[in-house]
Amino acid sequence: MSEQHGRDWTRMTPDDFDQDAPVRPVVPARPTAVPAVPDEYGTPPLFGDETPAARPRTRKSVAPPLDQPKLF
């Protein structure tokens with residue numbers, strides 16, 4: 001999986017890397033929410049924090065008690 005077509009990663013040199021990139025990734029101090037919004041083309045989001053749609057409340061029907069003989 002680590003190999004890409006036509007590239008030999010064993011022959012990389014320092015010039016192949018982005019010298020302006022930070023040595024360590026920038027990690028926020030605490031987790032932040034990712035808004036789930038469509039992109040500029042209108043594609044719906046795949047991930048993110050969405051506001052769940054309100055579900056209509058339904059009444060659950062209560063089943064009548066079963067007349068079952070005593071086991072013991």
Side-chain angles (χ1 to χ4, degrees):
M1 271 302 182
S2 62
E3 285 193 31
Q4 200 173 19
H5 299 293
R7 291 211 177 180
D8 183 9
W9 298 109
T10 60
R11 296 180 188 221
M12 290 183 74
T13 64
D15 293 334
D16 294 325
F17 294 93
D18 183 5
Q19 300 298 325
D20 296 329
V23 177
R24 295 175 191 247
V26 179
V27 179
R30 61 184 179 146
T32 57
V34 176
V37 294
D39 66 359
E40 64 267 14
Y41 301 106
T43 305
L46 297 176
F47 302 101
D49 294 335
E50 290 186 34
T51 311
R55 297 171 112 190
R57 292 186 175 231
T58 58
R59 293 184 76 168
K60 292 184 179 180
S61 61
V62 178
L66 296 173
D67 291 329
Q68 183 174 351
K70 194 171 181 177
L71 294 174
F72 299 103

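Just so you know, these numbers come straight off a predicted model, no measurement behind them.
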Participant: Taking all non-hydrogen atoms of both residues into account, name the closest pair between Pro45 and Pro38 and its distance.
Facilitator: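 Scanning both residues, the minimum pair turns out to be CD-N, 4.0 Å.
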
Participant: With sequence neighbours excluded, tell me which residues meet side chain to side chain contact (heavy atoms under 4.5 Å, CB included) with Thr43.
Facilitator: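 Thr43: side chain to side chain contact (heavy atoms under 4.5 Å, CB included) contacts with Asp39, Tyr41.
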
Participant: Run the side-chain hydrogen bond (donor to acceptor under 3.5 Å, both in side chains) test on Thr10 and Asp8 for me, step by step, so that the C-alpha distance in whole Å, both residues' side-chain angles and the decisive distance to 0.1 Å come before the verdict.
Facilitator: CA-CA 5 Å; Thr10 60; Asp8 183 9; 2.6 Å; yes

Participant: Near Asp18 CG, under 6.0 Å, is it more than 12 heavy atoms from other residues, nucleotides or ligands?
Facilitator: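 Atom CG in Asp18 is packed in, count exceeds 12.
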
